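Given the structure is predicted, the values throughout are model-derived calculations rather than measurements.
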There are 2 protein chains.
Amino acid sequence: MHEWQEEVLAEVRAGSRISDRDIVDKVRRAVLMQRLPPGTRLPEVTLGEVFGVSRSVVRKALTRLASEHVVDQRPNQVARVRAPSIEETRETFAARRLVEGEVASLLAGRLDAASRDRLAAEARGEIEAHGRGDEPARIEHSLAIHHLLAELSPNRVLGAMLTDLILRTSIVIALYKWANLASCFLEGDHTTLLAALEQGDAEVAREGIRHHLESLEALLDLSPREASIDLKAILGRSREQA
Amino acid sequence: MHEWQEEVLAEVRAGSRISDRDIVDKVRRAVLMQRLPPGTRLPEVTLGEVFGVSRSVVRKALTRLASEHVVDQRPNQVARVRAPSIEETRETFAARRLVEGEVASLLAGRLDAASRDRLAAEARGEIEAHGRGDEPARIEHSLAIHHLLAELSPNRVLGAMLTDLILRTSIVIALYKWANLASCFLEGDHTTLLAALEQGDAEVAREGIRHHLESLEALLDLSPREASIDLKAILGRSREQA
DNA sequence: GACATGAATCCTGTATACAATGAATGGGTT
DNA sequence: AACCCATTCATTGTATACAGGATTCATGTC
């Protein structure tokens, strides 16, 4: 039993009934918040002790996390937090541009009043949070906007794919964000995007999304030298992160 | 213990070591071949007896099949073979057109000689199989072409998404294919597609795929009256298919 | 000191037992 | 006959035990 588990996941112990879904949510969130860095070992018994359940439940949770590309699960080996390579990061962004662009184009001019209000509220919330320097809250609002787009997608299949891609890009954003860059906030991007959606021009909306995501990707440090991160994660022997 | 299991899955029993992957493969294939119709109950113990393993292994297999959208797994209920609705079928095709079109566009003019040969061989095999009326073999070759595209995709993330979409569309093709229509063979489509890929024009390749998939979808019977299939599957009380 | 070898340990893979939930069944009432 | 309720059965959810593979560490050899 090492140290990270207590600090990161202790809060959950208070919860009454823990199911595999809870574990998935908590771990996913911890990875997203970089409290569980890539390469972190996730042994089944340890996780079970932390959450107060047996390995059966943990195993199911880990399998689902693996299918979400959050952890790496190889036969006879400890599950570890995944460390997507630079190449995969680029490919994930490209896939998301394609899918989210299409979703935006399908959604253009089709938003009902309620959805528009929810989106606008999140956009305002993001700006506010950024204004008062509350980065976690800002990320929360930004993610909410994109998740809302996925949820509202008229094509549910594409919507589900987008949900997955948003998660994966969020993880790599946390991973490859410039260390000195506090925020990945693109002033006004979301606002103009929503305007395009209301306007109803599918191609403008699609391009709006593509541009937004390209700018986001450009904020990351994907230079080849960072490839060492992968090596460290793969070769890393220490039980903590490299 | 009912009857379908013996006939459909008995062949596996001879195999030496059965892992969850084997079960996933076998069940997926059986669903694809319509030997396990939508709504079929897949109880864990029964499956375990058929394959000669315990519920632990079966459970893992079912979870993976659920994440592949092959079976429906609801809490405290028997897993059943999924019956995608008409609406979902349309959405799946739309998603596949988007993704496979992009993959084709990325692949245009980038095929190395070996890949070209493999694709051409499958295309020839499909035509031959169709010539001698061997529909299962024809489907096999046709699927191989598309799976090869997914595998060759320069963008691996899109490739994996495409693999999933090919499976899902194949299942609904089997489901909604005109009863009297023996084949979903579109003469020459694959050949001209490969020509476009070699030619190297990304947009021609993309449109080739989109047109091919639209034609395929048009061959299906997606008229609203068929919605009864879903009801039967959902309400079906009999242990066999509705 | 570097490297190979072996044992001890950790961890996962699988099977099984028990608890809990949901569906099917049957009897009784209107 | 139709409906309601309690009981029974089928099936999943969870915990645990044991076996096997992987990793780690200590020992011995070059």
Side-chain angles (χ1 to χ4, degrees), chain A residues 1-5 12-13 15-24 27 39-67 71-82 232-242, chain B residues 1-5 12-13 15-25 27 39-67 71-82 232-240 242:
Chain A
M1 185 99 105
H2 315 310
E3 71 251 27
W4 59 264
Q5 295 92 349
V12 197
R13 225 180 309 212
S16 49
R17 279 284 130 98
I18 303 295
S19 83
D20 59 316
R21 187 165 226 115
D22 299 311
I23 302 181
V24 171
V27 173
T40 306
R41 292 159 49 92
L42 300 172
E44 298 175 355
V45 279
T46 314
L47 234 49
E49 285 167 6
V50 170
F51 286 99
V53 294
S54 83
R55 283 178 53 211
S56 324
V57 188
V58 174
R59 269 176 91 73
K60 192 168 184 178
L62 284 176
T63 302
R64 295 180 64 166
L65 284 166
S67 80
V71 308
D72 244 348
Q73 222 182 1
R74 306 156 98 121
N76 292 322
Q77 276 177 248
V78 202
R80 303 175 100 100
V81 176
R82 230 168 90 81
K232 278 194 288 188
I234 290 165
L235 305 175
R237 63 185 61 259
S238 80
R239 65 207 74 218
E240 314 309 326
Q241 88 284 13
Chain B
M1 182 99 104
H2 316 309
E3 70 251 26
W4 60 263
Q5 295 91 348
V12 197
R13 224 181 308 214
S16 49
R17 282 283 129 102
I18 303 295
S19 83
D20 59 315
R21 186 163 228 116
D22 298 311
I23 300 181
V24 171
D25 289 343
V27 174
T40 305
R41 291 158 48 91
L42 299 172
E44 298 175 354
V45 278
T46 314
L47 235 49
E49 287 167 5
V50 171
F51 286 101
V53 296
S54 84
R55 283 178 54 212
S56 325
V57 188
V58 174
R59 269 175 92 72
K60 192 167 185 180
L62 284 175
T63 302
R64 297 181 62 164
L65 284 166
S67 81
V71 307
D72 243 348
Q73 222 184 1
R74 308 158 99 114
N76 291 320
Q77 277 177 251
V78 202
R80 302 174 100 101
V81 176
R82 230 168 91 83
K232 278 193 289 188
I234 291 165
L235 305 175
R237 63 182 64 261
S238 79
R239 63 207 75 218
E240 313 309 324

When the distance from [atom1] of [X] to [atom2] of [N] is rounded to whole Å, what number comes out?
X	N	atom1	atom2	answer
B/Lys60	D/dG13	NZ	P	17 Å
B/Phe51	C/dT14	CZ	P	14 Å
B/Asp72	D/dT12	CG	P	14 Å
A/Glu44	C/dC10	CD	P	16 Å
A/Leu47	C/dC10	CG	P	18 Å
B/Arg80	C/dG22	CZ	C1'	13 Å
B/Glu49	D/dT11	CD	C1'	13 Å
A/Leu42	C/dC10	CG	P	18 Å

**Report entry** Test log, rule side chain to side chain contact (heavy atoms under 4.5 Å, CB included), inputs B/Arg74 and B/Asp72
**Finding:** CA-CA 6 Å; B/Arg74 308 158 99 114; B/Asp72 243 348; 4.1 Å; yes

Query raised in the report: Roughly how far, to the nearest 0.5 Å, is CZ of A/Arg59 from CG of A/Asp20?
Result: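 CZ of A/Arg59 is found 13.5 Å from CG of A/Asp20.
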
Query raised in the report: What's the verdict on side chain to side chain contact (heavy atoms under 4.5 Å, CB included) for A/Arg82 and A/Val71, showing C-alpha distance, side-chain angles and the deciding distance?
Result: CA-CA 5 Å; A/Arg82 230 168 90 81; A/Val71 308; 5.7 Å; no

Requested in this report: Produce a footprint string for nucleotides 15-23 of chain D: one letter per nucleotide, 5' end first; B if the base is under 4.0 Å from any protein heavy atom, S if only the sugar-phosphate is, - if neither.
Outcome: BBB---SSS

Report task. Using the side chain to side chain contact (heavy atoms under 4.5 Å, CB included) rule, take B/Val53 and B/Ile23 through it: C-alpha gap first, then chi angles, then the decisive distance, then the call. Result -> CA-CA 10 Å; B/Val53 296; B/Ile23 300 181; 4.0 Å; yes

Which heavy atom of [X] sits nearest to which heavy atom of [Y], and what is that distance?
X	Y	answer
A/Thr63	B/Lys60	OG1-CE, 4.4 Å
B/Gly39	B/Arg80	O-NE, 3.3 Å
B/Leu62	B/Leu42	CD1-O, 4.0 Å

Query - Divergence of helical axes at both termini of the helix from C/dG1-D/dC30 to C/dT30-D/dA1 - five pairs an end, 10° steps - result: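 Helix axis angle between the two ends: 10°.
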
Report task. Only counting residues at least two apart or in another chain, list the ones meeting salt bridge (charged side-chain N to carboxylate O under 4.0 Å, His left out) with A/Arg55. Result -> A/Glu44

